[in-house]
Amino acid sequence: MTTETPAEREAALERGRRLFAQPCTFLWAADDADQLPPADLPEVAFAGRSNVGKSSLLNALIGQKALANVSQTPGRTQKLNFYGLGDPPRMRLVDLPGYGYARVSKRAVDTWTKLIEDFLRGRPNLRRALVLVDVRVGLKESDIAALKVLDDAAVATRVVLTKADKAKPSELAEQEAAIGRVLKKHPAAFPGVVATSAEKGIGLPELRADLADLAR
């Protein structure tokens with residue numbers, strides 16, 4: 001939004017606020033590619049390592065505390081969970097199983113990984129993938145692998161830093177710069193990152209505005 005005038009920026013923020021103030025309800029859960037809902041609405045996928053804060057960010061964006069299940073146990077989200085935003089729904093938000101560490105069998109992790117990859121590669125209405133990264137941890141090999149899958153699928157990707165309130169400004173700036181250098185190698189990814197905090201509300205208005213454009 002760097003080229004926008006102040007008036008255009010305020011209008012974009014207001015569109016985002018109004019969209020995400022609408023009802024958001026659970027629609028569908030899928031643990032197999034054959035169980036996906038019809039590809040009839042724009043979708044935004046929330047991806048990231050286990051326990052990175054996907055469900056917390058989703059809840060914060062829509063202003064609900066318990067729509068998406070939040071757990072301290074990595075690997076709690078075990079299906080693709082679809083939520084309809086708007087009444088009637090104007091777009092769907094998709095909470096993906098976390099990749100990386102999870103207290104489940106390797107077979108289960110492999111099944112989730114294949115499901116995620118099949119979804120990302122074969123969903124024509126997937127307008128944006130958000131790859132969430134804990135600001136205190138930074139990019140890991142599993143995140144790089146996800147970015148490569150999204151490159152191959154030509155899915156527009158935004159890296160979102162979570163838990164920004166837990167980092168000092170200097171640490172946040174270092175992570176943004178380091179991730180920015182990596183993103184230059186990934187053609188499907190936007191060059192900049194969005195720093196957010198589900199707890200403090202940091203970056204949420206800007207992220208809502210960005211996603212609201214996909215539902216227009």
Are [X] and [Y] packed together at the side-chain level, in the sense that at least one heavy-atom pair is separated by less than 4.5 angstrom?
| X | Y | value |
| --- | --- | --- |
| I62 | L93 | yes |
| L211 | L85 | no |
| K200 | K166 | no |
| T25 | D87 | no |
| F119 | V94 | yes |
| V133 | Q175 | no |

Keeping the roles fixed (side chain from [X], backbone from [Y]), state whether a donor-acceptor pair exists under 3.5 Å.
| X | Y | result |
| --- | --- | --- |
| T196 | I202 | no |
| R208 | L61 | yes |
| D143 | K140 | yes |
| Q64 | C24 | yes |
| R15 | A212 | no |
| D134 | V52 | no |

Looking only at heavy atoms, which two atoms of [X] and [Y] are closest? And how far apart?
| X | Y | answer |
| --- | --- | --- |
| K54 | G48 | CD-N, 3.6 Å |
| V194 | G203 | CG1-O, 4.2 Å |
| G84 | P89 | CA-CB, 4.1 Å |
| G86 | Q22 | CA-OE1, 3.2 Å |
| D151 | A188 | OD1-N, 3.0 Å |
| A195 | L172 | CB-CD1, 3.9 Å |

> Is K114 salt-bridged to D118, going by a charged N under 4.0 Å from an acidic O?
Replying inline: yes
> Does R17 pair with E10 as a salt bridge, N-O distance under 4.0 Å?
Replying inline: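 No salt bridge links R17 with E10.
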Could you pull out all donor-acceptor pairs under 3.5 Å where a side-chain atom in residues 34-46 meets a protein atom, sequence neighbours excluded?
| unit_1 | atom_1 | unit_2 | atom_2 | d |
| --- | --- | --- | --- | --- |
| Q35 | OE1 | D31 | N | 3.0 |
| Q35 | NE2 | D31 | OD1 | 3.2 |
| D40 | OD1 | R92 | NH1 | 3.1 |
| D40 | OD1 | R92 | NH2 | 3.0 |
| E43 | OE1 | R123 | NE | 2.8 |
| E43 | OE2 | R92 | NE | 2.9 |
| E43 | OE2 | R92 | NH2 | 3.1 |
| E43 | OE2 | R123 | NH2 | 2.9 |
| E43 | OE2 | N125 | ND2 | 3.4 |

> What residues, two or more places apart in sequence or in another chain, satisfy ring pair (Phe, Tyr, Trp, His ring centres under 6.0 Å) together with F26?
Replying inline: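 Partners of F26 by the ring pair (Phe, Tyr, Trp, His ring centres under 6.0 Å) criterion, ordered by chain and then number, come out as Y83.
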With rounding to the nearest 0.5 Å, note down the distance linking [atom1] in [X] to [atom2] in [Y].
| X | Y | atom1 | atom2 | value |
| --- | --- | --- | --- | --- |
| W28 | N81 | CH2 | CG | 13.0 Å |
| N51 | S56 | CG | OG | 8.5 Å |
| E199 | K163 | CD | NZ | 10.5 Å |
| D32 | L80 | CG | CG | 10.5 Å |
| K185 | K148 | NZ | NZ | 9.5 Å |

> What pairs with E176 under salt bridge (Lys or Arg N to Asp or Glu O under 4.0 Å), at least two apart in sequence or on another chain?
Replying inline: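 Here no residue qualifies.
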> For the side-chain contact (heavy atoms from CB on, under 4.5 Å) test, which of V193, I179, L150, I144 pairs with V131?
Replying inline: L150
>> E141 vs R49, test: salt bridge (charged side-chain N to carboxylate O under 4.0 Å, His left out). Steps then yes/no.
In response: CA-CA 10 Å; E141 287 301 317; R49 287 172 53 81; over 6 Å; no
> Can you tell which of T157, D213, D210 makes a side chain to side chain donor-acceptor pair (under 3.5 Å) with R128?
Replying inline: D210
